[in-house]
Peer 1: 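There's a structure below that I have some questions on.
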Protein chains: 2
Amino acid sequence: MAVTMNDVARTAGVSLKTVSNVLNDYEFIRPATKQKVLDAIAALGYEANLTARSLRSGKTRMLGLVLSDLSAPYYAELASRLMKVASDRGYRVLVEQSAATRENELAALQGQFRQLTDGLLFTPLALGPDDVAVAQGDKPLVLLGEHIADPRFDLVTMKNTEAAHAITSHLLASGRRRVAVLGAVPEDTTGSSGLRMLGYRQALTAAGLDFDPDLAVMCDWRRDGGATAIRQLLDSGVQFDAVFGLNDTVALGAMHELLMRGVKVPDEVAVAGFDDIDEARFASPSLTTVAPGMDEIAERSVGLLIDRIEGNGATANGMQLEAGFELRIRDSAP
Amino acid sequence: MAVTMNDVARTAGVSLKTVSNVLNDYEFIRPATKQKVLDAIAALGYEANLTARSLRSGKTRMLGLVLSDLSAPYYAELASRLMKVASDRGYRVLVEQSAATRENELAALQGQFRQLTDGLLFTPLALGPDDVAVAQGDKPLVLLGEHIADPRFDLVTMKNTEAAHAITSHLLASGRRRVAVLGAVPEDTTGSSGLRMLGYRQALTAAGLDFDPDLAVMCDWRRDGGATAIRQLLDSGVQFDAVFGLNDTVALGAMHELLMRGVKVPDEVAVAGFDDIDEARFASPSLTTVAPGMDEIAERSVGLLIDRIEGNGATANGMQLEAGFELRIRDSAP
DNA sequence: TCTTGCAGTTACATCGTTGCAGAAATATCG
DNA sequence: CGATATTTCTGCAACGATGTAACTGCAAGA
């Protein structure tokens, strides 16, 4: 059996509550008493039982992180950073993979996962604002990376539209005129896909070009999605001189397929992505992309969530934070 | 305040304990009573308080996963799979990043992290067998991916040596004679690095070649480590016609640097890696590597750990499981 | 001298659940 | 039919911590 506070109290010759008071930095304790207790703790190797503490206090000091798939590089890198930031503030992160299904996202928002955590970092992919509002519960919730344009919620996001505009403009500025865009999601206007598509279209307009639906290809936001999309494009005979993958894995999958088919990158087709995952720098050719401020997102989202949990920064309304972005011009689209 | 078992008991008109019995599938309950309880649960939307249950039962139904860095693709992909397998068996996974330091690994093995979990999946990188033995504690522990050759511990690993031998032999079979190996760790004989190096050297020997220390380069097991290592090799003027990265990220970083320097892959230098992360398939050229049976490792390690936790498969001694491997011959080393 | 006030400590209840032991109701048997 | 099993259900204690309230000294003030 593990050492309990009772054991500590007994060996220190004080009451259970005094031990508790020492551990919780209660003000009025005689230094001598405090020392006795600390000695007993050291002697017995006592460690507080977190479960008991949680039951009593109602706090778990865990943050929930809901995302579709931890094996996706962007999410893996984000999760890693979030965990580090949380750790610095004395919290752990419990990850839940939703596979982007409605059912799983609702479960994460309502069910036992919620119980285990003091607050949630939530990437809504299948749910809309009203779903989230209904299932929100009473614990703090910070939305991540998606633009659910709703002042009810805290949101930490990136400049999807501006960044997509900027990188598309970069492609156009280098003389490209037929920029295919991969990873479009039909009907989506407020998700990452919709917002990035908007930036893409705005950049076309700004350059005096029309949007050609043939150049927008739906696909999974994964490497094989990008590869499949390029296969479709090439096989359909649509002409294009640049590719904008709505995230890096799509762009990398696309680039791979282009090179396999003997298309020269960037000479014949330039390729750009979005996210600046570590892999982008080391691809061959290295991938031009946009860094959406992941460090800032990690810092601010965890900071905001913990502030909410601890009752600081008690704004009634949702905060909307947008991280800055930077273009990373590399060899795939110089 | 959330609905408790007491509320359910009151509305169902039974005792607290009967509700508990229903929830725990106690045998002797009249169907009618059971139905009353279930109805009350549904009506009130009751959900068991996991913290209270944990305090009482001493079980958290969480598995701990200790690894160095979740943003490393191999670990991200492994963690994702482990979480899925655990989820199917009703467990969650709590991840702890150790940054491969002794201090953090010991903390994960002993401290509060251990308390939060019913058992640990542990990737020892800084700790040796005796450290682990000292810090083991009384909860189940399954070592992952490392060969700590110690019958005291459960271990799920891969055929590091055989697989490294096989892939080195593949390079040699294609006529390469000067195979640089990147990611060596001095002194290591039992870690992933040591075991893969052993396979490499055995393959050289089998082909009648001597081991040339100039061809073994130390580096971090990351993309930039591989790139740096190649820079060193090229700048030092050592001749080589193939590169074996001790993991895929090293190999990919190396390949990137080779291509940047104008070295043709695979014509001038063949490149092979280890792990078969998803990225390998989509690199350009696609990366020849070895798939170390990640699915099998995930299934068996979680299975073994949960069996230990639940007291099945009660072998006293440690189990040593080795997943099978497969070569994936791709364009970087055909 | 007797309050009054505060520092320092304590006992007890409580968080929501499950294990244990036993009570009540029903079934089985000679 | 009474005695003994067996089924069904209940009350109490416990898991290990913290909040509340109350108690004990001791110093200051009246």
Side-chain angles (χ1 to χ4, degrees), chain A residues 1-38 40-41 44-62 111-112 114-116 118 138-139 310-311, chain B residues 1-41 44-62 111-112 114-118 138-139 310-311:
Chain A
M1 216 60 245
V3 182
T4 77
M5 256 173 57
N6 233 318
D7 303 326
V8 174
R10 207 170 310 121
T11 50
V14 297
S15 79
L16 181 65
K17 190 66 230 274
T18 297
V19 179
S20 168
N21 285 337
V22 170
L23 267 82
N24 292 283
D25 288 319
Y26 179 65
E27 197 179 352
F28 302 117
I29 302 179
R30 231 175 321 185
T33 313
K34 185 166 183 172
Q35 197 52 54
K36 273 194 301 184
V37 172
L38 292 176
I41 287 175
L44 299 176
Y46 167 79
E47 269 196 281
N49 180 313
L50 298 181
T51 307
R53 185 173 280 176
S54 288
L55 176 58
R56 187 62 243 233
S57 69
K59 302 281 177 194
T60 61
R61 295 194 79 80
M62 287 218 268
Q112 304 202 302
R114 201 65 186 277
Q115 258 190 42
L116 289 168
D118 292 342
D138 49 356
K139 287 182 183 171
E310 299 182 348
Chain B
M1 214 65 240
V3 182
T4 78
M5 255 172 61
N6 231 319
D7 303 325
V8 174
R10 205 168 315 120
T11 51
V14 298
S15 79
L16 180 66
K17 191 67 233 268
T18 297
V19 178
S20 169
N21 284 338
V22 170
L23 267 82
N24 293 283
D25 288 320
Y26 179 65
E27 195 179 357
F28 301 116
I29 301 178
R30 231 178 323 182
T33 313
K34 184 165 182 171
Q35 196 52 52
K36 271 193 301 183
V37 172
L38 293 177
D39 289 347
I41 287 175
L44 298 176
Y46 166 78
E47 270 196 282
N49 180 314
L50 298 181
T51 308
R53 183 174 283 174
S54 287
L55 176 59
R56 184 63 244 236
S57 68
K59 302 281 178 192
T60 62
R61 295 194 79 81
M62 288 217 268
Q112 305 202 303
R114 201 67 188 276
Q115 258 191 41
L116 290 169
T117 57
D118 292 342
D138 49 356
K139 286 182 185 174
E310 298 182 348

Peer 1: Test of understanding: with side-chain hydrogen bond (donor to acceptor under 3.5 Å, both in side chains), list the residues that count as partners of A:Thr60, not counting sequence neighbours.
Peer 2: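 Here the qualifying residues are A:Asp118.
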Peer 1: Whole angstroms only, please: what is the CD-P distance between B:Gln35 and D:dT8?
Peer 2: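 Atom-to-atom, B:Gln35 to D:dT8, this comes out as 16 Å.
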Peer 1: Below 4.0 angstrom from OP1 or OP2 of C:dG16, is there any side-chain N or O of B:Arg53?
Peer 2: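 No, B:Arg53 has no side-chain N/O under 4.0 Å of OP1/OP2 on C:dG16.
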Peer 1: Does B:Lys139 have any side-chain contact (heavy atoms from CB on, under 4.5 Å) partners at least two apart in sequence or in another chain, and if so, which?
Peer 2: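 If we apply the side-chain contact (heavy atoms from CB on, under 4.5 Å) test to B:Lys139, skipping adjacent residues, the hits are B:Arg114.
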Peer 1: For the helix from C:dT1-D:dA30 to C:dG30-D:dC1, how many degrees between its two end axes (five pairs per end), to the nearest 10°?
Peer 2: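 Computed from the C1' atoms at both ends, the axes differ by 60°.
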Peer 1: Specify the separation, in whole Å, of atom CZ of A:Arg61 and atom P of D:dA17.
Peer 2: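 In whole Å, D:dA17 P and A:Arg61 CZ are 17 Å from each other.
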Peer 1: Whole Å only: how far is the CD atom of B:Glu47 from the P atom of C:dG16?
Peer 2: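 Whole-Å distance recorded here is 15 Å.
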Peer 1: Quick one: does A:Leu16's side chain get under 4.5 Å of A:Ser20's, heavy atoms only?
Peer 2: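 Result no, sub-4.5 Å side-chain heavy-atom pair not found.
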Peer 1: How is B:Thr18 classified with respect to the nucleic acid when contacts are heavy atoms under 4.0 Å: base, sugar-phosphate, or nothing?
Peer 2: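 Base, at least one base atom sits under 4.0 Å.
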Peer 1: Once side-chain hydrogen bond (donor to acceptor under 3.5 Å, both in side chains) is applied, do any residues pair with B:Asp39, and if so which ones, sequence neighbours excluded?
Peer 2: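 Scan of B:Asp39 (side-chain hydrogen bond (donor to acceptor under 3.5 Å, both in side chains), adjacent residues dropped) gives B:Gln35.
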Peer 1: In Å, rounded to the nearest 0.5 Å, how long is the span from NZ of B:Lys59 to OG1 of B:Thr117?
Peer 2: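 Nearest 0.5 Å value for the NZ-OG1 distance: 10.5 Å.
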Peer 1: List for me each residue that meets side-chain hydrogen bond (donor to acceptor under 3.5 Å, both in side chains) alongside A:Thr11, sequence neighbours excluded, and say none if there are none.
Peer 2: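 Partners of A:Thr11 under the side-chain hydrogen bond (donor to acceptor under 3.5 Å, both in side chains) test: none.
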Peer 1: Applying side-chain hydrogen bond (donor to acceptor under 3.5 Å, both in side chains), can you list everything that pairs with A:Ser15, at least two apart in sequence or on another chain?
Peer 2: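 Testing A:Ser15 for side-chain hydrogen bond (donor to acceptor under 3.5 Å, both in side chains), a comparison that skips the adjacent residues, returns A:Thr18.
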Peer 1: Take the protein atom CG of B:Asn21 and the nucleotide atom P of C:dG16, then report the distance between them rounded to whole Å.
Peer 2: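 So the CG-P distance, B:Asn21 to C:dG16, works out to 20 Å.
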Peer 1: Going by the salt bridge (Lys or Arg N to Asp or Glu O under 4.0 Å) test, which pairs reach into residues 6-16 of chain A, not counting sequence neighbours?
Peer 2: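 Sorted result for residues 6-16 of chain A: A:Asp7-A:Arg10.
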Peer 1: Short of 4.0 Å, heavy atom to strand atom, which residues of residues 23-34 of chain A count as contacting DNA chain D?
Peer 2: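 Correct list: A:Asn24.
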Peer 1: What is the distance from CG of A:Leu55 to P of C:dA13, rounded to the nearest Å?
Peer 2: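 Rounded to the whole Å, the gap is 18 Å.
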Peer 1: Return a table of donor-acceptor pairs under 3.5 angstrom between the side chains of residues 44-53 of chain A and protein atoms on other chains or two or more places apart.
Peer 2:
unit_1  : atom_1 : unit_2  : atom_2 : d
A:Asn49 : OD1    : A:Thr51 : N      : 2.8
A:Asn49 : OD1    : A:Ala52 : N      : 2.9

Peer 1: Just so I know, are the side chains of A:Ile29 and A:Val37 near enough to count as touching, which here means a heavy-atom distance under 4.5 Å?
Peer 2: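 No, too far: nothing below the 4.5 Å cut-off.
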Peer 1: Return no unless some side-chain N or O of A:Ser20 is found under 4.0 Å from OP1 or OP2 of D:dT18.
Peer 2: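 Checking D:dT18 against A:Ser20, a side-chain N or O does come within under 4.0 Å of OP1 or OP2.
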Peer 1: Grab the CG-P distance between A:Leu50 and D:dT18 for me, whole Å please.
Peer 2: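 Whole-Å distance recorded here is 10 Å.
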Peer 1: Between the base of C:dT17 and the side chain of B:Arg56, is there a donor and acceptor pair under 3.5 angstrom?
Peer 2: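 Donor-acceptor pair under 3.5 Å: no.
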Peer 1: Mind listing the residues from residues 9-17 of chain A sitting with a heavy atom below 4.0 Å of DNA chain D? Number order is fine.
Peer 2: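 Of all residues in residues 9-17 of chain A, the ones placing a heavy atom under 4.0 Å from DNA chain D are A:Leu16, A:Lys17.
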Peer 1: Can you run down the salt bridge (Lys or Arg N to Asp or Glu O under 4.0 Å) pairs that involve residues 15-32 of chain A, sequence neighbours left out, and say none if there aren't any?
Peer 2: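 Qualifying pairs, neighbours excluded: none.
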Peer 1: Quick one: B:Gln112 CD to D:dA17 P, roughly how many Å, whole number?
Peer 2: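 Nearest whole value for this atom pair: 11 Å.
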